[in-house]
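Report on one structure; see the data block that follows.
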Amino acid sequence: MGTVVVTGAAGALGRRVCRLVAADPSVERVVAVDVRAPESSPRVVASVVDLAVDDLSSLFADAEAMIHLASTFGPVLDGDELPAGSDVALTRRTLDAAAAGAVPTIVLLSSATVYGAWPNNPVPLTEDAPLRPNPGLRYAVEKAEIERLVGQWREERPGASVALLRAAPAVSEDAVGWVARALDAVDGLPAGTDDPPSQYLHLDDLAAAVDTARRSRIDGPANVAPDGWLEAAERRALSPTPRLRVPERVAVKVATWRWRLGLAPTPPGILPYARHAWVVANDRIKAAGWEPEHSNEEAFVAGHAAGPLATMSPRRRQELALGAAGTLLGGIVVAITTILRRRSPH
(Lines give C-alpha, C1' and ligand atoms only; values in the text may rest on other atoms or scores of the structure.)
Protein backbone atom coordinates (compact mmCIF):
# COMPACT_ATOMS: atom_id res chain seq x y z
CA MET A 1 0.00 0.00 0.00
CA GLY A 2 2.97 2.37 0.41
CA THR A 3 1.99 5.72 1.95
CA VAL A 4 -1.44 6.56 3.39
CA VAL A 5 -2.34 10.19 4.13
CA VAL A 6 -4.84 10.82 6.94
CA THR A 7 -6.32 14.31 7.32
CA GLY A 8 -7.85 15.40 10.62
CA ALA A 9 -5.33 13.09 12.28
CA ALA A 10 -5.10 14.94 15.59
CA GLY A 11 -8.73 14.31 16.52
CA ALA A 12 -10.06 11.39 18.53
CA LEU A 13 -11.12 9.54 15.38
CA GLY A 14 -7.97 10.48 13.44
CA ARG A 15 -5.69 9.11 16.15
CA ARG A 16 -7.55 5.81 16.13
CA VAL A 17 -7.44 5.56 12.35
CA CYS A 18 -3.71 6.32 12.17
CA ARG A 19 -2.96 3.54 14.66
CA LEU A 20 -5.04 1.02 12.74
CA VAL A 21 -3.52 1.91 9.37
CA ALA A 22 0.01 1.88 10.79
CA ALA A 23 -0.60 -1.64 12.08
CA ASP A 24 -1.16 -2.89 8.51
CA PRO A 25 2.09 -4.62 7.37
CA SER A 26 1.47 -3.56 3.77
CA VAL A 27 1.56 0.14 4.70
CA GLU A 28 5.04 1.64 4.67
CA ARG A 29 4.14 4.87 6.44
CA VAL A 30 1.21 7.02 7.52
CA VAL A 31 1.32 10.79 7.00
CA ALA A 32 -0.84 12.28 9.78
CA VAL A 33 -2.10 15.72 8.72
CA ASP A 34 -3.78 18.34 10.91
CA VAL A 35 -3.61 22.01 11.89
CA ARG A 36 -2.56 20.76 15.33
CA ALA A 37 0.43 18.49 15.85
CA PRO A 38 -0.82 14.88 15.46
CA GLU A 39 0.62 11.90 17.30
CA SER A 40 3.70 10.38 15.72
CA SER A 41 5.40 6.99 15.91
CA PRO A 42 8.05 5.09 13.95
CA ARG A 43 5.52 4.53 11.14
CA VAL A 44 3.41 7.65 11.59
CA VAL A 45 4.86 10.96 10.36
CA ALA A 46 3.19 14.04 11.83
CA SER A 47 2.60 16.92 9.39
CA VAL A 48 1.14 20.23 10.56
CA VAL A 49 -0.79 21.53 7.54
CA ASP A 50 -3.78 23.85 7.12
CA LEU A 51 -5.72 22.25 4.27
CA ALA A 52 -7.65 25.49 3.73
CA VAL A 53 -4.68 27.71 2.85
CA ASP A 54 -1.38 25.80 2.68
CA ASP A 55 0.26 24.46 -0.48
CA LEU A 56 -0.80 20.81 -0.82
CA SER A 57 1.06 19.99 -4.04
CA SER A 58 3.64 17.73 -2.40
CA LEU A 59 1.42 16.23 0.29
CA PHE A 60 0.07 13.38 -1.85
CA ALA A 61 3.07 12.89 -4.15
CA ASP A 62 3.73 9.26 -3.15
CA ALA A 63 0.39 8.40 -1.54
CA GLU A 64 -1.46 5.21 -2.40
CA ALA A 65 -4.48 6.19 -0.33
CA MET A 66 -6.04 9.22 1.32
CA ILE A 67 -8.40 9.15 4.29
CA HIS A 68 -10.16 12.51 4.62
CA LEU A 69 -11.50 13.08 8.14
CA ALA A 70 -10.78 16.81 8.50
CA SER A 71 -13.76 19.07 9.07
CA THR A 72 -14.29 22.68 10.08
CA PHE A 73 -17.12 21.48 12.33
CA GLY A 74 -14.68 19.80 14.68
CA PRO A 75 -13.69 22.63 17.04
CA VAL A 76 -17.16 24.24 17.35
CA LEU A 77 -20.68 22.93 17.59
CA ASP A 78 -22.60 25.28 15.34
CA GLY A 79 -19.86 25.97 12.79
CA ASP A 80 -21.20 29.48 12.15
CA GLU A 81 -17.95 31.22 13.12
CA LEU A 82 -16.68 30.10 9.71
CA PRO A 83 -18.10 31.05 6.30
CA ALA A 84 -20.77 28.81 4.82
CA GLY A 85 -19.24 26.19 2.56
CA SER A 86 -16.02 25.91 4.56
CA ASP A 87 -16.13 22.11 4.65
CA VAL A 88 -16.93 21.97 0.92
CA ALA A 89 -14.00 24.25 0.07
CA LEU A 90 -11.70 22.21 2.32
CA THR A 91 -12.69 18.97 0.60
CA ARG A 92 -12.40 20.47 -2.89
CA ARG A 93 -8.80 21.59 -2.25
CA THR A 94 -7.93 18.21 -0.77
CA LEU A 95 -9.46 16.28 -3.68
CA ASP A 96 -7.66 18.47 -6.22
CA ALA A 97 -4.34 17.79 -4.49
CA ALA A 98 -5.09 14.06 -4.36
CA ALA A 99 -5.91 14.12 -8.07
CA ALA A 100 -2.62 15.85 -8.86
CA GLY A 101 -0.87 13.09 -6.94
CA ALA A 102 -2.91 10.40 -8.74
CA VAL A 103 -4.07 8.86 -5.48
CA PRO A 104 -6.08 5.73 -6.42
CA THR A 105 -7.90 5.03 -3.12
CA ILE A 106 -9.85 7.62 -1.17
CA VAL A 107 -12.02 7.31 1.93
CA LEU A 108 -14.12 10.30 3.00
CA LEU A 109 -16.14 10.62 6.17
CA SER A 110 -19.68 11.75 5.46
CA SER A 111 -22.69 11.51 7.79
CA ALA A 112 -26.05 9.78 7.97
CA THR A 113 -27.54 13.27 8.41
CA VAL A 114 -27.39 13.62 4.60
CA TYR A 115 -30.58 11.53 4.37
CA GLY A 116 -32.42 14.14 6.39
CA ALA A 117 -34.84 13.56 9.23
CA TRP A 118 -38.36 13.38 7.79
CA PRO A 119 -41.66 11.83 8.93
CA ASN A 120 -41.80 9.57 5.84
CA ASN A 121 -38.29 8.13 6.12
CA PRO A 122 -38.15 4.33 5.89
CA VAL A 123 -36.70 2.49 8.87
CA PRO A 124 -33.91 1.76 8.26
CA LEU A 125 -32.50 3.87 5.43
CA THR A 126 -30.26 2.16 2.86
CA GLU A 127 -27.65 3.69 0.56
CA ASP A 128 -30.26 3.80 -2.22
CA ALA A 129 -32.34 6.38 -0.35
CA PRO A 130 -32.21 9.94 -1.77
CA LEU A 131 -30.17 12.61 -0.02
CA ARG A 132 -32.62 15.06 1.59
CA PRO A 133 -30.72 16.95 4.30
CA ASN A 134 -32.87 19.27 6.37
CA PRO A 135 -32.07 22.76 5.05
CA GLY A 136 -31.79 24.27 8.53
CA LEU A 137 -28.79 22.13 9.47
CA ARG A 138 -25.73 23.48 7.70
CA TYR A 139 -23.61 20.48 8.69
CA ALA A 140 -25.91 18.05 6.84
CA VAL A 141 -26.30 20.35 3.83
CA GLU A 142 -22.53 20.67 3.43
CA LYS A 143 -22.01 16.93 3.76
CA ALA A 144 -24.54 16.34 0.98
CA GLU A 145 -22.84 18.94 -1.21
CA ILE A 146 -19.50 17.24 -0.57
CA GLU A 147 -21.00 13.95 -1.73
CA ARG A 148 -22.21 15.63 -4.92
CA LEU A 149 -18.74 17.10 -5.46
CA VAL A 150 -17.12 13.72 -4.87
CA GLY A 151 -19.50 12.10 -7.35
CA GLN A 152 -18.36 14.49 -10.07
CA TRP A 153 -14.72 13.99 -9.11
CA ARG A 154 -15.12 10.21 -9.26
CA GLU A 155 -16.74 10.27 -12.73
CA GLU A 156 -13.68 12.04 -14.12
CA ARG A 157 -11.33 9.39 -12.70
CA PRO A 158 -12.61 5.90 -13.59
CA GLY A 159 -9.59 4.18 -12.08
CA ALA A 160 -10.05 5.60 -8.61
CA SER A 161 -12.21 4.29 -5.76
CA VAL A 162 -13.94 6.70 -3.41
CA ALA A 163 -15.70 5.44 -0.30
CA LEU A 164 -18.26 7.75 1.32
CA LEU A 165 -18.94 6.61 4.87
CA ARG A 166 -22.32 7.84 6.13
CA ALA A 167 -21.81 7.44 9.85
CA ALA A 168 -24.36 7.44 12.65
CA PRO A 169 -23.66 9.81 15.60
CA ALA A 170 -20.24 8.79 16.95
CA VAL A 171 -19.30 8.70 20.62
CA SER A 172 -16.69 7.22 22.93
CA GLU A 173 -15.40 7.50 26.46
CA ASP A 174 -12.91 10.22 25.49
CA ALA A 175 -14.84 12.12 22.82
CA VAL A 176 -18.33 12.83 21.51
CA GLY A 177 -18.77 13.56 17.80
CA TRP A 178 -20.34 16.72 16.39
CA VAL A 179 -23.77 15.23 15.67
CA ALA A 180 -24.07 13.52 19.05
CA ARG A 181 -23.08 16.74 20.83
CA ALA A 182 -25.56 18.71 18.76
CA LEU A 183 -28.36 16.29 19.65
CA ASP A 184 -27.38 16.45 23.31
CA ALA A 185 -27.65 20.24 23.18
CA VAL A 186 -31.36 19.99 22.31
CA ASP A 187 -32.03 16.86 24.33
CA GLY A 188 -34.25 18.73 26.78
CA LEU A 189 -36.47 20.14 24.01
CA PRO A 190 -38.11 17.21 22.23
CA ALA A 191 -41.41 17.83 20.50
CA GLY A 192 -44.23 15.62 19.31
CA THR A 193 -45.81 12.62 20.92
CA ASP A 194 -42.75 10.38 21.13
CA ASP A 195 -39.05 10.22 20.37
CA PRO A 196 -37.82 8.50 17.19
CA PRO A 197 -35.47 5.50 17.18
CA SER A 198 -31.80 6.46 17.34
CA GLN A 199 -28.33 5.05 16.73
CA TYR A 200 -24.97 5.61 18.40
CA LEU A 201 -21.68 4.44 16.93
CA HIS A 202 -18.55 3.91 19.01
CA LEU A 203 -15.50 5.75 17.66
CA ASP A 204 -13.48 2.52 17.78
CA ASP A 205 -16.00 0.91 15.44
CA LEU A 206 -16.03 3.95 13.15
CA ALA A 207 -12.23 3.86 12.93
CA ALA A 208 -12.39 0.15 12.06
CA ALA A 209 -14.97 0.90 9.34
CA VAL A 210 -12.69 3.58 7.85
CA ASP A 211 -9.81 1.10 7.73
CA THR A 212 -12.08 -1.58 6.25
CA ALA A 213 -13.15 0.81 3.50
CA ARG A 214 -9.49 1.52 2.71
CA ARG A 215 -8.45 -2.13 2.67
CA SER A 216 -11.46 -3.26 0.63
CA ARG A 217 -11.45 -0.22 -1.68
CA ILE A 218 -15.17 0.34 -1.21
CA ASP A 219 -16.40 2.50 -4.07
CA GLY A 220 -19.47 4.60 -3.33
CA PRO A 221 -21.55 5.23 -0.21
CA ALA A 222 -21.67 2.92 2.78
CA ASN A 223 -23.65 3.46 5.97
CA VAL A 224 -21.82 2.88 9.25
CA ALA A 225 -23.87 2.06 12.34
CA PRO A 226 -24.27 -0.78 14.84
CA ASP A 227 -26.85 -3.47 14.21
CA GLY A 228 -30.37 -2.21 14.86
CA TRP A 229 -31.21 0.91 16.85
CA LEU A 230 -32.48 2.17 20.18
CA GLU A 231 -36.22 2.52 20.50
CA ALA A 232 -37.45 5.65 22.25
CA ALA A 233 -38.14 3.89 25.55
CA GLU A 234 -34.71 2.23 25.51
CA ARG A 235 -32.92 5.52 24.99
CA ARG A 236 -34.93 7.24 27.73
CA ALA A 237 -34.02 4.43 30.13
CA LEU A 238 -30.32 4.92 29.37
CA SER A 239 -30.30 8.72 29.41
CA PRO A 240 -29.43 10.52 32.68
CA THR A 241 -31.06 13.71 31.35
CA PRO A 242 -34.66 14.62 32.31
CA ARG A 243 -36.84 15.28 29.26
CA LEU A 244 -39.60 17.87 29.39
CA ARG A 245 -41.84 17.44 26.34
CA VAL A 246 -43.16 20.67 24.83
CA PRO A 247 -45.19 21.51 21.69
CA GLU A 248 -43.19 21.74 18.48
CA ARG A 249 -43.69 25.48 17.99
CA VAL A 250 -42.47 26.09 21.55
CA ALA A 251 -39.44 23.83 21.08
CA VAL A 252 -38.43 25.70 17.92
CA LYS A 253 -38.82 29.12 19.55
CA VAL A 254 -36.91 28.09 22.67
CA ALA A 255 -34.10 26.51 20.63
CA THR A 256 -33.87 29.61 18.43
CA TRP A 257 -33.60 31.99 21.36
CA ARG A 258 -31.13 29.75 23.22
CA TRP A 259 -28.91 29.83 20.15
CA ARG A 260 -29.24 33.58 19.52
CA LEU A 261 -28.53 34.41 23.16
CA GLY A 262 -25.53 32.09 23.27
CA LEU A 263 -27.16 29.77 25.82
CA ALA A 264 -26.84 26.75 23.52
CA PRO A 265 -24.07 26.12 20.98
CA THR A 266 -26.26 24.47 18.34
CA PRO A 267 -28.65 26.09 15.85
CA PRO A 268 -32.30 24.99 15.91
CA GLY A 269 -31.79 23.19 12.58
CA ILE A 270 -30.82 20.08 14.56
CA LEU A 271 -34.34 19.80 16.01
CA PRO A 272 -35.82 17.69 13.15
CA TYR A 273 -33.10 15.10 13.82
CA ALA A 274 -34.39 14.81 17.37
CA ARG A 275 -38.02 14.44 16.19
CA HIS A 276 -37.93 12.10 13.17
CA ALA A 277 -36.26 8.79 12.37
CA TRP A 278 -33.08 8.65 10.27
CA VAL A 279 -31.54 5.34 11.36
CA VAL A 280 -29.54 3.44 8.73
CA ALA A 281 -28.87 -0.14 7.62
CA ASN A 282 -25.26 -1.37 7.74
CA ASP A 283 -25.40 -4.30 5.27
CA ARG A 284 -22.93 -2.88 2.76
CA ILE A 285 -20.09 -2.12 5.18
CA LYS A 286 -20.62 -5.50 6.85
CA ALA A 287 -20.39 -7.22 3.47
CA ALA A 288 -16.90 -5.70 3.17
CA GLY A 289 -15.84 -7.48 6.36
CA TRP A 290 -16.63 -4.92 9.07
CA GLU A 291 -18.30 -5.99 12.31
CA PRO A 292 -19.18 -3.58 15.14
CA GLU A 293 -17.79 -4.49 18.54
CA HIS A 294 -20.15 -2.18 20.42
CA SER A 295 -23.95 -2.13 20.39
CA ASN A 296 -26.00 1.06 20.29
CA GLU A 297 -26.58 0.72 24.02
CA GLU A 298 -22.88 0.28 24.80
CA ALA A 299 -21.87 3.21 22.60
CA PHE A 300 -24.53 5.50 24.10
CA VAL A 301 -23.44 4.69 27.66
CA ALA A 302 -19.76 5.17 26.73
CA GLY A 303 -20.48 8.64 25.38
CA HIS A 304 -22.83 9.74 28.15
CA ALA A 305 -21.31 9.44 31.60
CA ALA A 306 -23.95 8.44 34.13
CA GLY A 307 -24.70 11.17 36.65
CA PRO A 308 -26.82 11.16 39.83
CA LEU A 309 -30.01 11.34 37.75
CA ALA A 310 -29.25 7.94 36.21
CA THR A 311 -30.31 6.15 39.40
CA MET A 312 -33.60 8.03 39.76
CA SER A 313 -36.99 6.74 38.67
CA PRO A 314 -38.55 8.21 35.49
CA ARG A 315 -41.23 9.88 37.63
CA ARG A 316 -38.63 11.58 39.81
CA ARG A 317 -36.72 12.73 36.72
CA GLN A 318 -39.90 14.29 35.32
CA GLU A 319 -40.56 16.03 38.63
CA LEU A 320 -37.05 17.48 38.56
CA ALA A 321 -37.50 18.59 34.96
CA LEU A 322 -40.75 20.37 35.82
CA GLY A 323 -39.14 21.91 38.88
CA ALA A 324 -36.19 23.14 36.84
CA ALA A 325 -38.54 24.63 34.25
CA GLY A 326 -40.50 26.39 36.99
CA THR A 327 -37.32 27.73 38.58
CA LEU A 328 -36.10 29.03 35.22
CA LEU A 329 -39.41 30.79 34.52
CA GLY A 330 -39.45 32.22 38.02
CA GLY A 331 -35.94 33.54 37.60
CA ILE A 332 -36.86 35.21 34.33
CA VAL A 333 -39.89 36.90 35.93
CA VAL A 334 -37.78 38.15 38.84
CA ALA A 335 -35.09 39.46 36.49
CA ILE A 336 -37.63 41.33 34.33
CA THR A 337 -39.37 42.77 37.41
CA THR A 338 -36.04 43.98 38.80
CA ILE A 339 -35.09 45.66 35.53
CA LEU A 340 -38.48 47.42 35.28
CA ARG A 341 -38.23 48.66 38.86
CA ARG A 342 -34.79 50.07 38.24
CA ARG A 343 -36.00 51.89 35.12
CA SER A 344 -39.19 53.29 36.67
CA PRO A 345 -38.99 56.84 38.13
CA HIS A 346 -39.06 57.09 41.92
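Side chains are part of it too, since the values below use all heavy atoms of this structure and drop only hydrogens, waters and symmetry mates.
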Candidate list D205, D211, D204, test salt bridge (Lys or Arg N to Asp or Glu O under 4.0 Å), partner R16, passing option: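 Single pass found, and it is D204.
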
Would a single hydrophobic cluster contain both [Y] and [X], if residues Ile, Leu, Val, Met, Phe, Trp and Tyr are joined by side-chain heavy-atom contacts under 4.5 Å?
X: L56; Y: L108; answer: yes
X: L165; Y: V279; answer: no
X: L90; Y: V88; answer: yes
X: L238; Y: V171; answer: yes
X: V17; Y: V44; answer: yes

Partners meeting side chain to side chain donor-acceptor pair (under 3.5 Å) with [X] (sequence neighbours left out):
X: D55; value: S57
X: S161; value: R217
X: D50; value: none
X: R15; value: none

Closest contact, heavy atoms only, [X] versus [Y]:
X: A281; Y: T126; answer: CB-CG2, 4.3 Å
X: A10; Y: D34; answer: N-OD2, 2.8 Å
X: P119; Y: H276; answer: CG-CE1, 3.6 Å
X: A9; Y: C18; answer: CB-SG, 3.8 Å
X: A63; Y: P104; answer: O-CD, 4.1 Å
X: L203; Y: A170; answer: CD2-CB, 3.8 Å

So, [X] side chain and [Y] main chain: donor-acceptor pair closer than 3.5 Å or not?
X: S40; Y: A46; result: no
X: N134; Y: G136; result: no
X: R284; Y: P221; result: yes
X: S47; Y: A32; result: no
X: W278; Y: Y273; result: yes
X: D219; Y: V162; result: yes

[Y] side chain reached by [X] side chain, heavy atoms, under 4.5 Å:
X: E28; Y: E64; result: no
X: V103; Y: V5; result: no
X: L109; Y: L206; result: yes
X: P226; Y: L201; result: yes

Working to the nearest 0.5 Å, report the span between [atom1] of [X] and [atom2] of [Y].
X: S111; Y: E142; atom1: OG; atom2: CD; value: 12.0 Å
X: L131; Y: L125; atom1: CG; atom2: CG; value: 10.5 Å
X: K143; Y: L164; atom1: NZ; atom2: CG; value: 10.0 Å
X: L95; Y: Q152; atom1: CG; atom2: CD; value: 11.0 Å
X: N223; Y: E127; atom1: CG; atom2: CD; value: 4.0 Å
X: L230; Y: N296; atom1: CG; atom2: CG; value: 4.5 Å

Can you check side chain to side chain donor-acceptor pair (under 3.5 Å) on S110 and R166, steps first, answer last? CA-CA 5 Å; S110 185; R166 297 171 180 167; 5.1 Å; no

Whether the R132 and N121 side chains hold a donor-acceptor pair (N or O, under 3.5 Å, no angle test) is what I'd like checked. yes

Between E155 and W153, is there a side-chain donor-acceptor contact under 3.5 Å, judged purely by atom types and distance?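 The criterion, which ignores hydrogens and geometry beyond distance, is not satisfied for E155 and W153.
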
With side chain to side chain contact (heavy atoms under 4.5 Å, CB included) as the test, would you mind laying out the steps for R154 and I106 before giving the verdict? CA-CA 10 Å; R154 172 66 179 80; I106 293 178; over 6 Å; no

Ion pair present between D87 and R138, side-chain N to carboxylate O less than 4.0 angstrom? no

Is atom CD of E291 surrounded by more than 12 heavy atoms (other residues, nucleotides or ligands) closer than 6.0 Å?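 Atom CD in E291 is packed in, count exceeds 12.
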
Worked verdict on I146 versus V150 for side chain to side chain contact (heavy atoms under 4.5 Å, CB included): CA-CA 6 Å; I146 286 170; V150 169; 4.1 Å; yes

Show your working on side chain to side chain contact (heavy atoms under 4.5 Å, CB included) between T94 and F60 and close with a plain yes or no. CA-CA 9 Å; T94 306; F60 302 98; 3.9 Å; yes

What ring-ring contact (aromatic ring centres under 6.0 Å, His included) pairs are there with at least one residue in residues 198-224, not counting sequence neighbours?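 Sorted pair list: Y200-F300, Y200-H304, H202-H294.
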
Under the ring-ring contact (aromatic ring centres under 6.0 Å, His included) definition, can you give me all pairs with a residue in residues 117-147, not counting sequence neighbours? F73-Y139, Y139-W178

Any chance you could lay out the side chain to side chain contact (heavy atoms under 4.5 Å, CB included) test for V210 and V21, step after step, and finish with the verdict? CA-CA 9 Å; V210 169; V21 176; over 6 Å; no

